[in-house]
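One structure is given here, and the rest of the page talks about it.
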Amino acid sequence: MLKERLQNKEFLFGPFVNLCHPAVLEIAGFAGFDFAIIDTEHGEISTDRAVEMVRAAKLAGISPVVRVYGNQPELISKALDIGADAVQIPQVSSREEAEAAVYAAKFSPEGGRGANRYVRAARYSAMDKAAYFRKANQETAVIVQVEGKAGLDRLADIITVPGIDVLFIGPYDLSASLGIPGQVEHPLIMEAMHRTIQLARQAGVAIGFFVDDAVSAVKWKKAGVQYISFAADVGLLYNAFRQSVAIFREE
Ligand code: 3PY
């Protein structure tokens, strides 16, 4: 499970998935990624399609993470009910919002996630019921994305919220919020990342970051970033297509 690997201080690497097909998760698993983020915030994937993708991920030995559309309890519990190893919540800007995300992701007594033992995550009731609720709290990870100026200003407070497994910095949204859209290598973004890494070390929380290329992934891994999300299936496919076309046309 992703959470255990994070606790073991492993460095994990995985793409966003925007193409709405289970085969993408199988391909990502066979390629050796650690996780893939099924993105229901951007793109066309809905929960009923995400479940097929979660299934495929599990079969291919890759951890399915579901990025929800927003910090809404019903979306967070649904992502976990369908069997995601982790839920990733965008646009978290305050301690209260981070606490609400954790509360929605945890069953009582740690939170207020709606309790149902007939869902896929509970093997449709095949799991012992007490064990399911306990194990779900222990084994599923909560990843909060800080990606706006307000969240950045409150980072020191957000990072100490109990129950956060990864604090993820989204450079694209952050660059937009700072008035430099798309300039993800800008010194302001780099400064934010280095400050986050520092704070995370003190708080004992894993850091997540998004990169567009594998060389940057290695750089951030060396800086201590444990959860590195890498581009998206569509962009990787485009690059591979484009490269082949360029070779064929001798461009
Ligand atoms: C961001 O960079 O803002 C993300 O959410 C990851 O793509």
Tell me, yes or no, whether the heavy-atom count around [X] atom [atom1], taken from other residues, nucleotides or ligands under 6.0 Å, exceeds 12.
{"X": "Y124", "atom1": "OH", "value": "yes"}
{"X": "F11", "atom1": "CZ", "value": "yes"}
{"X": "E4", "atom1": "CD", "value": "no"}
{"X": "Q243", "atom1": "CD", "value": "no"}
{"X": "Y238", "atom1": "OH", "value": "no"}
{"X": "K129", "atom1": "NZ", "value": "no"}
{"X": "K135", "atom1": "NZ", "value": "no"}
{"X": "R120", "atom1": "CZ", "value": "yes"}

Between [X] (side chain) and [Y] (backbone), is there a donor-acceptor pair under 3.5 Å?
{"X": "S177", "Y": "K149", "result": "yes"}
{"X": "D233", "Y": "N18", "result": "yes"}
{"X": "S175", "Y": "V184", "result": "no"}
{"X": "R49", "Y": "C20", "result": "yes"}
{"X": "D165", "Y": "I143", "result": "no"}
{"X": "R195", "Y": "L152", "result": "yes"}
{"X": "Q226", "Y": "E10", "result": "yes"}
{"X": "D173", "Y": "Q91", "result": "no"}

Any chance you could lay out the side chain to side chain contact (heavy atoms under 4.5 Å, CB included) test for T140 and V87, step after step, and finish with the verdict?
-> CA-CA 8 Å; T140 52; V87 61; over 6 Å; no
What I'd like to find out is whether the side chain of [X] reaches to under 4.5 Å of the side chain of [Y], using heavy atoms alone.
{"X": "P90", "Y": "V68", "answer": "yes"}
{"X": "D81", "Y": "R113", "answer": "yes"}
{"X": "V66", "Y": "L75", "answer": "no"}

Determine whether [X] and [Y] fall in the same hydrophobic cluster, where Ile, Leu, Val, Met, Phe, Trp and Tyr are linked whenever their side-chain heavy atoms lie under 4.5 Å apart.
{"X": "V102", "Y": "L6", "value": "no"}
{"X": "V142", "Y": "I76", "value": "yes"}
{"X": "M127", "Y": "F107", "value": "yes"}
{"X": "M193", "Y": "I159", "value": "yes"}
{"X": "L25", "Y": "L237", "value": "yes"}

What's the separation between atom [atom1] in [X] and atom [atom2] in [Y], rounded to the nearest 0.5 Å?
{"X": "I27", "Y": "F33", "atom1": "CD1", "atom2": "CZ", "value": "11.5 Å"}
{"X": "E139", "Y": "L80", "atom1": "CD", "atom2": "CG", "value": "12.0 Å"}
{"X": "F230", "Y": "S216", "atom1": "CZ", "atom2": "OG", "value": "9.5 Å"}
{"X": "I158", "Y": "E96", "atom1": "CD1", "atom2": "CD", "value": "9.0 Å"}
{"X": "L188", "Y": "Q183", "atom1": "CG", "atom2": "CD", "value": "9.0 Å"}
{"X": "F209", "Y": "I189", "atom1": "CZ", "atom2": "CD1", "value": "7.0 Å"}

Angle between ring planes, [X] versus [Y], binned at 30° and 60°: parallel, tilted or perpendicular?
{"X": "H194", "Y": "W220", "value": "tilted"}
{"X": "F16", "Y": "F210", "value": "tilted"}
{"X": "F35", "Y": "Y227", "value": "parallel"}

Nearest heavy-atom pair of [X] and [Y]: which atoms, and what distance?
{"X": "P15", "Y": "L236", "result": "CB-CD1, 4.4 Å"}
{"X": "A56", "Y": "E26", "result": "CB-CG, 4.0 Å"}
{"X": "F168", "Y": "S229", "result": "CZ-OG, 3.5 Å"}
{"X": "L2", "Y": "S63", "result": "N-OG, 3.6 Å"}
{"X": "D39", "Y": "I45", "result": "O-CB, 3.8 Å"}
{"X": "R201", "Y": "A223", "result": "NH2-O, 3.3 Å"}

Between V225 and T196, is a side chain to side chain contact (heavy atoms under 4.5 Å, CB included) present by the stated rule, with each step listed?
-> CA-CA 10 Å; V225 177; T196 307; over 6 Å; no
Any donor-acceptor N or O pair under 3.5 Å, side chains R95, T160 =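 R95 vs T160: donor-acceptor pair found between side chains.
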Criterion side chain to side chain contact (heavy atoms under 4.5 Å, CB included) on L59 and R55, from CA distance to verdict | CA-CA 6 Å; L59 279 173; R55 274 195 188 106; 5.6 Å; no
Worked check of side chain to side chain contact (heavy atoms under 4.5 Å, CB included) between Q88 and E41 = CA-CA 10 Å; Q88 186 157 329; E41 182 195 6; over 6 Å; no
SB check R242 E251 (cutoff 4.0 Å) = yes
